[in-house]
Number of protein chains: 2
Amino acid sequence: MGTKKNYKHLPHKTIERLSQYRRALLICLDNNKSHIFSHEIAKIQHITPVQVRRDLMLIGYSGTLRKGYNIQDLIDLIGTIIDNEEGLNATIIGIGNLGRALIKYLSGKRHKLEIVAGFDTNPDKINNEFSGIQCYSVEQLEKIIKDKDIKIGIITVPEDQTVETAQRLVDAGIKGILNYTPKPVEVPEYVYLEEYDMITTLEKIAFYVKMAEDQEK
Amino acid sequence: MGTKKNYKHLPHKTIERLSQYRRALLICLDNNKSHIFSHEIAKIQHITPVQVRRDLMLIGYSGTLRKGYNIQDLIDLIGTIIDNEEGLNATIIGIGNLGRALIKYLSGKRHKLEIVAGFDTNPDKINNEFSGIQCYSVEQLEKIIKDKDIKIGIITVPEDQTVETAQRLVDAGIKGILNYTPKPVEVPEYVYLEEYDMITTLEKIAFYVKMAEDQEK
DNA sequence: TTTGCACTGTTATTATTTTAACAGTATAGA
DNA sequence: TCTATACTGTTAAAATAATAACAGTGCAAA
Ligand SMILES: NC(=O)c1ccc[n+]([C@@H]2O[C@H](COP(=O)([O-])OP(=O)(O)OC[C@H]3O[C@@H](n4cnc5c(N)ncnc54)[C@H](O)[C@@H]3O)[C@@H](O)[C@H]2O)c1
Ligand SMILES: NC(=O)c1ccc[n+]([C@@H]2O[C@H](COP(=O)([O-])OP(=O)(O)OC[C@H]3O[C@@H](n4cnc5c(N)ncnc54)[C@H](O)[C@@H]3O)[C@@H](O)[C@H]2O)c1
């Protein structure tokens, strides 16, 4: 057993929750709190206190009895686990409605995970800034990904441009892709891919709303 | 054992995948295909053929040996499971960048799950249409939710308006909420809640990209 | 007309994730 | 100083989800 934990074996769901815990903790910190109980975190995240404690156990963090967890320490520890020490650069391809919403939301939020460029094909967008992020022509995609050492690409182009865009990102050496278009993409196994489609979430909600209604009858 | 399946006990993950299968199938239908194999569906969704077959088994659908599954039939069956027969109306609160992206994406896509109204506080938005959807003043929220029988609310207001918005939706009788703001909300147990924050997804990607890099060394 | 193949459908097994149970302990108050 | 309380940390059990194993079957080619 070395001193360095192997966070490699943390459950996927724990990784997701750690990110969520940190966001909640940052808000608590703003409210001038120094400590927080597992049941308080749990309430915010709609989960059980046990699950919170178990996650924290897995990352080897200990709180103080009757005081709870030190918020700043926990934020820092979560940072050492999920952040890349040197930081990780990301880019958004397609500066339309969705792309702009995401840029605006992310810009300046995370210093270890920064949007450092946007790309578009529309001349009206190219060479303009959006929420402080420069938009480049897609023609420069490969060059700028290399120059700025961009590792993560977020795809928000029109559906019919998705496959080509993903391929170019992969070829340019990107390591992670977040695809928000409804067109699923294929990537080599060494590229980490996540896809999100709101319709899945909405239809899931619709299903459970329907189930609840059927129950009533 | 009645004739009607009790889809109530379908795994949550299966529900999500059914929605995804249907989206993929609709695309295949456009391409003039009549049948599809489990391994074809699997490829699109980045899962295994076994998982596809298992999901279809759970909903009681049988394909044809050596021909695969009838696409139209499967689409219809998935519809009877996840759609509400009479349709389900939804609304988006906050017609900013994100709200507009979502409205545009959803409008006209699903006839059983329709966005029938938008709400905003900004006079420039109110009484205008966005992708064919009328935007109303939030002052009319309760009235229009009742009049139009809206069951699902999508929240895309500024963060500091989230809690109040959610409360009003609940009070107005909404049954499902999809919260896209970074502020977690609390709702009664009879309201089905989903929250999505891109930062979770991005930080998860960052984590696995980092892990992959550490591996290389 | 038989054999191999390429599929589906189902059961069995394993892995992952959540929940429960409970032991341990510092603090506050009697 | 003792005891109840309100927490944390850990192990055990249960629930959920994914994977594997394999039986069944009809077509196609020989
Ligand atoms: N996953 C979801 O929940 C979700 C929600 C809404 C929209 N979407 C999808 O996101 C995508 C963007 O939606 P939007 O509303 O922002 O659309 P949009 O039309 O407003 O934006 C698309 C942008 O991409 C640019 N573009 C076009 N081709 C390009 C290329 N080859 N390279 C780079 N940029 C290019 C366009 O100039 C435009 O600025 C669409 O595919 C849409 O279906 C997904
Ligand atoms: N979950 C995610 O991944 C994600 C991504 C991007 C943005 N966001 C969040 O989504 C929200 C919207 O982002 P945006 O970029 O569209 O912001 P925006 O400022 O462009 O839009 C917000 C809209 O809400 C309206 N509004 C303000 N108060 C309101 C109220 N009380 N009721 C109804 N409407 C009201 C505003 O007039 C505006 O039109 C923000 O909270 C943002 O943080 C989430």
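Order of the sequence lines fixes the chain letters, A, B, ..., with proteins taken first and strands second; residue numbering starts at 1 for each chain. Every value quoted in this text rests on a predicted model; they were computed, and no experiment measured them.
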Let's see if you get this right: which residues in residues 192-211 of chain B place a heavy atom under 4.0 Å from DNA chain D? none

The side chain of B:Pro11 is closest to which nucleotide in this list: D:dT19, C:dT19, D:dA17? D:dA17

Give the nucleotide from the list D:dA6, D:dT8, C:dT8 with an atom nearest to the side chain of A:Tyr69. D:dT8

Just call it for A:Thr14: base, sugar-phosphate, or nothing, with non-hydrogen atoms closer than 4.0 Å on any strand. nothing

Could you verify whether a donor N or O on one side chain and an acceptor N or O on the other, from B:Gln51 and B:Asp55, lie under 3.5 Å apart? no

Might you point out which heavy atoms bring B:Val52 and B:Ser38 nearest each other, and give the distance in Å? CG2-O, 3.9 Å

OP1, OP2 of D:dG9 versus side-chain N and O of A:Ser62: anything below 4.0 Å? yes

For a side chain to side chain donor-acceptor pair (under 3.5 Å) with A:Glu203, tell me which candidate from B:Gln20, B:Arg23, B:Arg22, B:Lys112 qualifies. B:Arg22

Just how far, in rounded Å, is P of D:dA18 from NE2 of B:His46? 15 Å

Ignoring hydrogens and angles, are the base of C:dT10 and the side chain of B:Arg53 linked by a donor-acceptor pair under 3.5 Å? no

Please report, rounded to the nearest Å, how far the P atom of C:dT8 is from the CG atom of B:Leu58. 16 Å

Would you tell me whether A:Ser131 and A:Ser107 have side-chain atoms, one donor and one acceptor, within less than 3.5 Å of each other? no

Without swapping roles, check the side chain of A:Glu195 against the backbone of A:Val185 for a donor-acceptor pair under 3.5 Å. yes

Nearest whole Å is fine: how far is D:dT19 C1' from B:Arg54 CZ? 10 Å

Starting at CE of A:Met57 and ending at P of D:dT11, how long is that distance when rounded to a whole Å? 7 Å

DNA chain C nearest-nucleotide lookup for B:Lys67 and A:Leu10: closer to the 5′ end is B:Lys67

Surrounding NZ of B:Lys67 (heavy atoms of other residues, nucleotides or ligands, distance under 6.0 Å), is the total greater than 12? no

For the pair made of CD in A:Gln51 and P in C:dT16, what is the distance, rounded to whole Å? 17 Å

Interatomic distance where CG belongs to A:Leu56 and P belongs to D:dC7 [whole Å]: 16 Å

Given C:dT18, C:dT10, D:dT8, the nucleotide with the shortest approach to the side chain of A:Arg17: C:dT18

Over 12 foreign heavy atoms within 6.0 Å of NZ, A:Lys204: yes

Go through D:dA12, D:dA17, C:dC5 for me and flag the one nearest to the B:Arg66 side chain. C:dC5

Taking only the side-chain heavy atoms of B:Leu65 (C-beta and beyond), determine which of D:dT11, C:dC7, C:dG9 contains the nearest atom. C:dC7

Rounding to an integer number of Å, can you tell me how far B:Lys13 NZ sits from D:dA18 C1'? 10 Å

If I take atom CZ in residue B:Phe37 and atom P in nucleotide D:dT25, what distance separates them, rounded to the nearest angstrom? 19 Å

